[in-house]
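Notes for the one structure printed next.
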Amino acid sequence: MSKESENFKNHCSENNSVESEKRLNFIEQIIEDDLQTEKFDGRVHTRFPPEPNGYLHIGHAKSICLNSGLATRYNGKFNVRFDDTNPTKEDTEYVESIIEDVQWLTGRTFDHIYYASDYFEQFYEYAVDLIKKGKAYVCDLTPEEIRETRGTPTVPGEESPYRNRGVEENLDLFARMRAGEFPDGQKTLRAKIDMASPNFNLRDPIMYRIVHAEHHRTGNQWRIYPMYDWAHGLEDSLERITHSICTLEFEHHRPLYDWFIDQLGVYHPQQIEFARLALNYTVMSKRKLLQLVKENYVNGWDDPRMPTICGLRRRGYTPEAIREFCRRIGVAKFNSMIDFVQLENALRDDLNKRAQRRMAVLRPLKVVIDNYPADQTEWLDAVNNPENEADGTRQVPFSNVIYIEQDDFMEDAPKKYYRLAPGKEVRLRYAYYVVCTNFVKDAAGNITEVHCNYDPATRGGSSPDGRKVQGTIHWVSAEHAVDAEVRLYDRLFTKETPDDPQDPADFKTYLNPQSLEVLNGCKLEPTLKDAAASEPFQFERIGYFALDSRDSSAERIVFNRAVSLRDSWTKQQEK
Ligand code: ATP
Ligand code: MG
């Protein structure tokens with residue numbers, strides 16, 4: 001990039017960030033207006049309402065960061081509430097993972113977790129109230145028959161033959177549904193609204209269905225379970241949520257939530273819809289993610305290639321980076337596709353500031369420094385983080401046999417190759433200048449060893465005679481190196497929109513066969529032996545890495561690459 005265009009870009013992005021600090025998004029605007037008019041007595045109370053039927057992914061992160069962020073910004077409250085109305089698809093495994101992920105991402109701890117299932121009795125009473133008001137009825141049509149009689153956008157639906165049952169009969173039948181007298185699917189409770197409404201959601205929607213299934217919290221207490229649309233708005237009402245923020249597809253459900261609330265005459269939260277996050281080169285449907293796990297295309301929900309929060313965490317993503325990503329993409333009223341690079345850049349920007357630098361050689365090539373004493377070790381100062389002086393320095397051991405990256409040596413180097421080659425001099429980071437004198441090949445023609453001489457006057461990496469070298473490479477002392485396995489990840493899919501509805505091919509045909517590369521026998525500088533699982537590092541010139549929380553042990557060190565570096569510092573770092 002030319003200097004001018006770089007300046008231009010910096011100028012624009014600075015302006016942008018200043019602008020976005022000042023400008024409110026449309027949801028903040030609504031909240032500030034409500035605060036002005038004291039609509040909710042000056043309260044702000046948001047929530048994140050997951051269904052415990054899968055692990056959270058980066059799309060959920062957008063909703064969590066938005067809701068939690070608004071509560072923080074306006075000194076309000078933030079609930080985590082499980083929308084656990086569907087016993088056959090739910091599991092405590094999901095409940096636990098979701099709580100862990102929300103705590104990790106927001107940095108909050110929760111005194112109380114809310115559950116829709118805690119309100120089942122209250123929902124039942126509300127339903128009885130609607131029956132008594134003549135606003136709900138027990139219907140004997142099967143779910144298929146209900147679907148078939150719903151009509152089309154231009155043709156009104158047919159009224160159910162059971163629509164005009166008397167209140168007493170409805171109350172009796174509903175109580176017997178609860179008592180478990182009828183098999184699954186034989187009856188439903190429906191709201192009595194308007195079979196001719198242009199909004200399908202208002203054509204006598206089902207409120208309760210019969211399901212003889214054990215619930216992960218209420219056990220076998222219930223034989224009827226509330227439908228999502230019946231329960232959802234009431235959950236928000238019961239918790240006195242002020243702003244019920246949800247994704248755009250619920251816009252047409254809002255009139256139904258409003259209808260229930262108005263008929264019952266209970267507290268009325270304000271629903272606001274925003275566009276869900278779509279990210280390229282991945283899928284976010286829970287059903288598809290489950291398929292990848294169940295059919296072993298990935299190694300579990302927390303596989304570092306998964307867009308799940310636990311996968312991103314295991315890969316080395318930080319909560320700060322994900323929150324910053326969510327801040328940068330903002331909220332809008334229209335759906336759009338976000339580039340995966342934006343997520344990676346948020347991580348790079350965060351880790352560039354915070355990650356300590358280390359030297360690690362992923363594909364080692366042995367280098368013997370012939371004029372360096374074979375029995376000597378020197379401990380050299382290395383800067384932990386040039387972006388943060390407070391991080392100080394550490395010492396790295398130097399000896400006569402070291403490893404460098406295989407691609408930092410070339411037998412026949414082109415003119416612009418600034419790394420090691422016969423007769424060429426380079427700087428070993430934090431150590432000395434070395435010049436290549438010779439190399440050894442095996443029978444197959446592979447280079448197995450490189451020989452160099454070092455210049456003792458260049459200790460620390462600069463020459464007193466002002467002699468410049470163009471390349472700086474990283475290295476690890478062979479005798480002191482820690483062996484490790486390093487896993488390099490790439491995008492999970494080769495296609496930007498693997499689950500494009502227009503594409504008849506199965507999304508799995510676009511799985512990237514090169515999404516995981518495992519390197520064994522990597523050589524790390526000795527301090528990395530004591531790395532903690534969540535501690536991010538920059539392996540100089542390579543990328544950002546973190547210890548694998550699942551597979552690493554004292555005997556087996558495994559690092560994951562969170563993200564590569566944009567550029568290597570080979571040229572820019574020349575001082
Ligand atoms: P399901 O099809 O099972 O309902 P879901 O992705 O909607 O899947 P929920 O557990 O209902 O999962 O989601 C919890 C919350 O996260 C909801 O409020 C939903 O609007 C929000 N959410 C889900 N996916 C995204 C996304 N891609 N972007 C933003 N918010 C999302
Ligand atoms: Mg949902």
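Ligands are counted one by one from 1 in listed order, and the atoms in each one are counted from 1 as well.
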Requested in this report: Quick one: sort the His243 and Phe40 rings into parallel, tilted or perpendicular, breaks at 30° and 60°.
Outcome: perpendicular
Query raised in the report: Does an N or O from Leu277, backbone or side chain, lie closer than 3.5 Å to an N or O of ligand 1?
Result: yes
Report summary line: Restricting to heavy atoms, the pick from Ile98, Leu248, Thr247 nearest atom 20 (O) of ligand 1 would be Thr247
Report task. Would you check whether Tyr228 has a nitrogen or oxygen atom less than 3.5 angstrom from a nitrogen or oxygen atom of ligand 1? Result -> no
Requested in this report: With Arg305 as the cation and Tyr489 as the aromatic partner, state whether NZ or CZ is under 6.0 Å from the six-membered ring centre and within 45° of the axis.
Outcome: no
Report task. Examine Glu51 against ligand 1 and note whether any of their N/O atoms are separated by less than 3.5 Å. Result -> yes
Requested in this report: State the atoms of ligand 1, each with its element, that fall below the 4.0 Å cut-off from a heavy-atom position in Phe48.
Outcome: 14 (C), 15 (C), 16 (O)
Query raised in the report: At under 4.0 Å between heavy atoms, which part of Ala278 makes contact with ligand 1: side chain, backbone, both or neither?
Result: neither
Report task. Please identify which atoms of ligand 1 are closer than 4.0 Å to at least one heavy atom of Pro49. Result -> 14 (C), 18 (O)
**Report entry** Parallel, tilted or perpendicular: rings of Tyr114 and His112 (30°, 60°)
**Finding:** perpendicular
Query raised in the report: Using a heavy-atom cut-off of under 4.0 Å, does the side chain or the backbone of Ile245 touch ligand 1, or both, or neither?
Result: neither
Query raised in the report: Ion pair present between Arg178 and Glu121, side-chain N to carboxylate O less than 4.0 angstrom?
Result: yes
Query - Donor on one side chain, acceptor on other, Glu496 and Tyr281, under 3.5 Å - result: no
Query raised in the report: Counting both backbone and side chain atoms, is some N or O of His57 under 3.5 Å from an N or O of ligand 1?
Result: no
Query raised in the report: Does ligand 1 have an atom under 4.0 Å from some heavy atom of Arg287?
Result: no
Requested in this report: State whether Arg47 and Glu239 are salt-bridged, where the test is any N-O pair (Lys NZ or Arg NE/NH1/NH2 against Asp/Glu carboxylate O) under 4.0 Å.
Outcome: no
Report task. Look at Lys508 together with Asp506 and state whether they make a salt bridge at an N to O cut-off of under 4.0 Å. Result -> yes
Query raised in the report: What orientation do His232 and Tyr257 show, parallel under 30°, tilted 30 to 60°, or perpendicular over 60°?
Result: tilted
Query raised in the report: Among Cys246, Cys326, Gly54, Gly59, which one has a heavy atom closest to atom 29 (C) of ligand 1?
Result: Gly59
Query raised in the report: Where's the contact between Phe250 and ligand 1, heavy-atom distance under 4.0 Å: side chain, backbone, both or neither?
Result: neither
